[in-house]
Asker: 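Pasting a structure below so you can have a look.
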There are 2 protein chains.
Amino acid sequence: MATQSHYEELARQLSAIGTVKRGLGRVLPTDCPAGAAIVLMLLDRYGEMRMSKLAELLDIDMSVTSRHVAHVAERGWVDRKADPLDRRSRLLSINPSGEKLLRQVSERYTNALANCLSDWSDEDVDRLNELLARLRAGFGDTRSRALPHQVESTTRTPSQ
Amino acid sequence: MATQSHYEELARQLSAIGTVKRGLGRVLPTDCPAGAAIVLMLLDRYGEMRMSKLAELLDIDMSVTSRHVAHVAERGWVDRKADPLDRRSRLLSINPSGEKLLRQVSERYTNALANCLSDWSDEDVDRLNELLARLRAGFGDTRSRALPHQVESTTRTPSQ
DNA sequence: TATTGTTATACTCTATAACTATA
DNA sequence: TATAGTTATAGAGTATAACAATA
């Protein structure tokens with residue numbers, strides 16, 4: 001296990017990462033905020049899925065997912081059809097219009113990164129990608145272990 | 001320079017980092033949102049400074065900085081005094097009450113990270129810290145180069 | 001009854017613009 | 001006039017709770 005000072009520095013680095021996310025956000029096309037872009041990426045990468053599955057991949061509440069999806073559906077970038085197996089569910093899929101927009105988004109993200117990170121090698125980017133994936137996995141798999149401090153002093157069963 | 005697919009993966013990783021930030025946010029004490037915590041960290045690390053300097057370190061607009069500072073000042077965690085050299089300015093500094101809270105925040109952040117990243121070595125955390133710092137530097141130093149796409153087709157002088 | 005998804009409400013973080021006090 | 005900081009307003013992202021439709 002790493003020592004405390006290293007974790008403190010990591011906490012600071014993560015607190016400051018907003019700079020980068022805002023920088024990337026500025027290159028997005030009109031009417032396509034970051035939340036919409038991620039939805040398109042995930043539907044493109046993993047194919048047709050339900051709302052609930054998408055919410056799980058996004059790791060956000062389904063109520064929020066619902067709003068992101070409404071946004072992209074209203075603009076004709078994804079299709080929603082009834083799930084024949086369960087009429088409560090909706091099956092989401094990216095359509096050609098959405099794919100076209102996604103290509104634009106990817107290109108702009110890539111250009112922005114290439115611009116700002118012109119001195120990075122493939123290996124540098126790879127290492128960062130791997131570490132970020134590992135970081136997310138650590139948090140994603142352990143959400144119940146990262147509960148607020150109040151839990152410590154109670155005996156109740158952790159929610160969910 | 002790295003190739004396109006590596007940058008695309010990085011864009012996806014960055015889009016998904018919110019999971020980690022939300023996880024860390026959940027361990028914060030009541031009345032101390034993430035924005036307040038960063039202000040305390042920076043005042044503790046760099047000492048007394050003006051609003052404008054703090055806004056620069058945070059890399060956010062001074063109007064936003066002003067609200068974060070008002071929050072922590074109202075709760076008695078930082079002091080604001082008039083700058084004798086320029087009565088328009090205010091000098092900010094963390095006080096003992098703020099230092100006490102900051103120790104609590106650091107401890108909780110560290111515990112959360114130690115919990116979720118129990119299999120990470122010091123070297124792993126170091127590498128991630130270095131890459132994140134480099135990533136931010138790339139964006140921070142080149143904000144004018146990462147402007148929205150509209151700029152490309154004009155001849156006007158970049159703002160600022 | 002339980003689950004899928006939507007909507008209403010509220011909170012955090014951010015930016016732009018208008019404003020004040022001072023330089 | 002220009003600058004330091006504040007406040008008003010608006011938009012994006014999120015969570016919780018109440019709800020409708022279906023299982």
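All values below were derived from every heavy atom in this structure, side-chain atoms included, with hydrogens, water molecules and symmetry-related copies excluded. Remember, it's a predicted structure, so these values are computed and weren't measured experimentally.
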Asker: Tell me, which of residues 69-77 of chain B have any heavy atom that sits under 4.0 Å from an atom in DNA chain C?
Answerer: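 Of all residues in residues 69-77 of chain B, none places a heavy atom under 4.0 Å from DNA chain C.
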Asker: Return the residues of residues 31-42 of chain A meeting this criterion: a heavy atom under 4.0 Å from some atom of DNA chain C. Order them by number, or give none.
Answerer: none
Asker: Taking the side chain of A/Arg67 as its heavy atoms from C-beta onward, which of D/dA23, C/dT7, D/dG5 lies nearest to it?
Answerer: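 From the listed options, C/dT7 comes nearest.
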Asker: Taking only side-chain nitrogens and oxygens of A/Arg22, does any of them come within less than 4.0 Å of OP1 or OP2 of C/dT14?
Answerer: yes
Asker: So, OP1 or OP2 of C/dG5: does either fall under 4.0 Å of a side-chain N or O from A/Ser89?
Answerer: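 Indeed, a polar side-chain atom of A/Ser89 lies that close.
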Asker: Does this structure show an ion pair linking A/Asp124 with B/Arg134, if we count only N-O contacts that are shorter than 4.0 Å?
Answerer: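 Looking at B/Arg134 together with A/Asp124, the answer is yes, because their closest N to O distance falls below 4.0 Å.
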Asker: Ignoring hydrogens and angles, write down the donor-acceptor pairs under 3.5 Å from the side chains of residues 33-48 of chain A, residues two or more places apart or on other chains.
Answerer:
| residue | atom | partner | partner atom | Å |
| --- | --- | --- | --- | --- |
| A/Arg45 | NH2 | B/Glu9 | OE1 | 3.4 |

Asker: Side chain of A/Met51, heavy atoms from C-beta onward: which of C/dT4, C/dT6, C/dT16 has the nearest atom to it?
Answerer: C/dT6
Asker: Respond yes when some side-chain nitrogen or oxygen of B/Arg90 is under 4.0 Å from OP1 or OP2 of D/dT6, and no when none is.
Answerer: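 Checking B/Arg90 against D/dT6: at least one side-chain N or O falls below 4.0 Å of OP1 or OP2.
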Asker: Quiz question: going by heavy-atom distance under 3.5 Å, is there a donor-acceptor pair between the base of D/dT7 and the side chain of B/Ser66?
Answerer: no
Asker: Of all the nucleotides listed (D/dT14, D/dG5, D/dT6), which has the minimum atom distance to the side chain of B/Arg80?
Answerer: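 For the B/Arg80 side chain, the nearest candidate turns out to be D/dT6.
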Asker: If you compare every side-chain N and O of A/His68 against the phosphate oxygens of D/dA12 (OP1, OP2), does one of them come in below 4.0 Å?
Answerer: no
Asker: Closest to the B/Asp86 side chain: D/dA4, C/dT14, C/dT6?
Answerer: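 Per side-chain heavy atoms of B/Asp86, the pick is D/dA4.
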Asker: Starting from the 5' end of DNA chain C, give me the residue, A/Met62 or B/Leu85, whose nearest nucleotide shows up first.
Answerer: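 Final value for this comparison: A/Met62.
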Asker: Is there a donor and acceptor pair, one atom on the side chain of A/Ser52 and one on the base of C/dT3, closer than 3.5 Å?
Answerer: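 Answer no: no donor N or O sits under 3.5 Å from an acceptor.
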Asker: Counting only distance, no hydrogens or angles, is the base of C/dT3 paired donor-acceptor with the side chain of A/Arg88 under 3.5 Å?
Answerer: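 In this structure, the two groups form a donor-acceptor pair.
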Asker: Go through A/Val78 and A/Ser93 one step at a time and tell me if the side chain to side chain contact (heavy atoms under 4.5 Å, CB included) criterion holds.
Answerer: CA-CA 5 Å; A/Val78 312; A/Ser93 53; over 6 Å; no
